[in-house]
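Below is one structure, written out as structure tokens, with a few remarks after it.
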Amino acid sequence: MKSFAPNFRLAACGCVLAALAMLASPARAEVAIGVFAYQGERAAMSDWAPMVAALNRELPGHGFHLDSYDADGLKAALAAGRVDLVITNPGYYVTLETSFGLSRIATLQSRNAAHDGAALGSVVLARADRTDLSTLADLAGRRVAAVAPEAFGGYLIAARELLQAGVDPESALGELRFLGLPMTRILDAVRDGEVDAGIVRACLPEQLAREGALRLDDFRILSPRQVDGFDCALSSALYPDWPIAVTRRLDPALAKAVARVLLAMPENAEHVSWSVPRDYQPVFDLYRELRLGPYAYLREITPEGLARRFWPWLLGLLAVLVAGVAHTVRVEHLVHRRTRELKDSLVAREAAEHRARDQQEKMEHLSRLSILGELSGSLAHEINQPLASIATYANSLLRREAAGTLTPEALREACGEIAGEAERASGVVQRIRHFARKRAAVREPVDLVSLAGEARRLVAGMLVQCPEIAIAAPVSPCVALSDGLQIQQVLVNLIKNAIDAARGLPEARQGIRLGFARAGNRVVVEVADRGAGLAADQREHLFEAFFTTKPDGLGLGLPICKSIIEAHGGRLWAEVNADGIGMRFLFQLPCHEPSDESAA
Ligand code: ADP
């Protein structure tokens with residue numbers, strides 16, 4: 001097919017003709033036809049001149065003239081509103097249609113076109129001896145030459161075919177070289193082995209062969225195709241030919257008149273005429289698939305496109321994420337460290353508590369032994385007394401038996417006394433052993449009144465002269481959840497101190513009184529004496545460790561009693577008696593209600 005596009009020289013002639021026409025008829029409205037023109041192809045302005053002449057002839061009220069542009073120039077002219085009609089290749093047309101709202105009114109129709117009117121395609125050629133190349137897929141990694149990135153037949157149509165063959169022309173070729181116009185440069189590069197294959201507009205090789213500029217046998221066609229009615233070598237699908245479109249500037253009535261004139265024009269010398277507008281959807285599809293022109297935005301929504309467009313935001317987001325992760329890791333680390341520290345300190349605390357408990361138990365035990373030690377001065381006497389009685393009764397029995405005066409009654413009576421005395425001695429020993437035993441603390445319901453009786457027996461059992469210890473039984477006896485032995489230890493300690501306080505005083509000041517009272521759900525136990533008492537400044541130090549007024553005292557009894565009572569959830573304190581004579585020591589403990597037991 002011969003070129004149908006204008007060249008600039010003739011465009012200038014057209015302008016001069018139009019200007020002359022304007023002078024002849026000053027009232028004519030000018031109609032500018034913007035033509036996309038490029039050297040070497042569709043370059044003959046004379047091919048457009050008959051069309052302009054026909055329009056001026058058929059529509060005498062208007063002065064039609066041609067303005068030729070390159071791609072950018074046409075775009076600028078459209079933007080500036082200097083164009084009424086546009087003639088361009090299908091590729092530029094689809095990009096301009098979406099930007100400037102163009103409407104096709106006719107499409108070029110070549111006699112060489114396929115049956116559906118499509119006439120534009122690409123042919124991909126290699127040198128005839130390159131038997132290793134037969135399909136477009138073979139071009140992966142190869143050097144390929146084409147016209148220009150935006151050339152429709154000279155690149156884009158073949159680019160789509162390559163993409164469909166699995167070879168992305170932008171990334172999968174070894175090299176993609178754009179050699180520009182004229183297209184013969186590409187064929188030369190293929191023939192000279194500078195590239196492995198070349199892309200040119202379909203029918204160009206045949207045209208050059210007809211002109212004697214090329215031997216078709218020197219080349220082989222990659223992925224050749226047959227399309228009915230189209231008799232040029234082809235490696236691609238066919239697309240509709242050039243359209244002519246109107247801009248929004250043009251009056252619709254004039255657009256209709258122009259269409260009528262164009263459709264009525266006969267074929268020109270190259271057997272090309274104007275036909276009804278063709279379907280340009282395949283061209284749109286091509287641009288969408290290649291993500292170019294009106295579909296260039298599709299590149300932006302690929303991961304790389306988005307990254308390119310939003311990299312500052314992505315960088316910010318990444319920074320925030322990294323900061324977030326770093327913060328989380330740091331917090332995790334701190335939490336981990338703190339947890340470990342807490343665990344360590346808990347373990348250390350538990351060990352310390354265990355040690356303290358152990359020490360406390362040892363102290364309590366020592367304290368009990370110490371009380372026993374103090375009381376045991378008279379212990380020998382307590383044990384000796386029943387032993388002496390036992391010996392007396394036994395000797396008396398022996399004597400009577402020897403004298404033959406032993407009656408069964410006397411024998412029974414003496415044996416009864418011996419058994420009684422032995423029991424008394426064993427009771428003393430047992431109480432001491434029970435009091436002195438070493439054991440871990442327990443909590444059990446304890447009857448405090450009977451515990452007080454037991455403490456009194458223990459003290460009385462060990463003293464030669466024990467003062468009277470009265471126990472005032474409470475109205476409603478209280479059972480405390482406690483360690484009986486420890487509470488007994490407290491009672492013995494307080495009783496012993498009370499006895500010590502009255503030592504050497506007249507008989508009337510010797511008595512000790514143990515009292516019980518209920519205060520809510522607590523029981524208050526009191527050990528009162530009529531002893532020497534203690535000066536106010538000394539009373540302040542009563543419960544301090546090692547405070548003692550006794551020459552052989554340790555000053556540990558009261559602090560230990562205090563710690564025992566507090567460990568039971570109670571309180572120990574001391575007061576001067578109401579009449580100012582002697583002192584009383586009081587402690588309170590929580591009562592163990594039966595409901596507590598059932599709850600437990
Ligand atoms: P110790 O009996 O070894 O001295 P305690 O801690 O049992 O140790 O007693 C400390 C001091 O408290 C006694 O030395 C004494 O001065 C005083 N004390 C204790 N009980 C009484 C009491 N009932 N009357 C007067 N003083 C007392």
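All ligand and atom numbering here is 1-based and tracks the order in the structure.
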With a 3.5 Å distance limit and no angle check, can you tell me whether Glu175 reaches the backbone of Val144 through a side-chain donor-acceptor pair? no
Okay, side chain of Asp529, backbone of Met583: is any donor-acceptor separation there less than 3.5 Å? yes
Find out whether Ile564 and Phe587 are in side-chain contact, i.e. whether some heavy atom of one side chain is under 4.5 Å from a heavy atom of the other. no
Select the closest option to atom 3 (O) of ligand 1 among Asp552, Leu554, Leu542, judged by heavy-atom distance. Leu554
Show which atoms of ligand 1 fall inside a sub-4.0 Å distance from at least one heavy-atom site of Gly533. 25 (C)
Looking at ligand 1, is there an atom of it that comes within less than 4.0 Å of some heavy atom belonging to Gly531? no
Any idea which of Ala498, Ala501, Gly582 brings a heavy atom closest to atom 24 (N) of ligand 1? Ala501
Could you pull out the closest heavy-atom pair between Ala528 and Glu526, with the gap in Å? CB-OE2, 3.7 Å
Ligand 1 versus Asp529: contacting region, heavy-atom distance under 4.0 Å: side chain
Give the atoms of ligand 1, by number and element, whose distance to some non-hydrogen atom of Thr548 is under 4.0 Å. 1 (P), 4 (O), 14 (O)
Check if Phe543 has a non-hydrogen atom at a distance under 4.0 Å from any atom of ligand 1. no
Which of the ligand 1 atoms, numbered from 1, are nearer than 4.0 Å to a heavy atom of Gly553: 3 (O)
Does a donor on one side chain sit under 3.5 Å from an acceptor on the other, for Gln281 and Asp285? yes
Does Gln510 offer a backbone N or O that forms a donor-acceptor pair with the side chain of Glu468 under 3.5 Å? no
Numbered atoms of ligand 1 (with element) below 4.0 Å of Gly555, judged on heavy atoms: 1 (P), 3 (O), 4 (O), 6 (O), 8 (O)
Could you tell me whether some N/O pair between Leu558 and ligand 1 is separated by less than 3.5 angstrom? yes
For the residue pair Tyr287 and Phe152, does the interplanar ring angle fall in the parallel (under 30°), tilted (30 to 60°) or perpendicular (over 60°) class? parallel
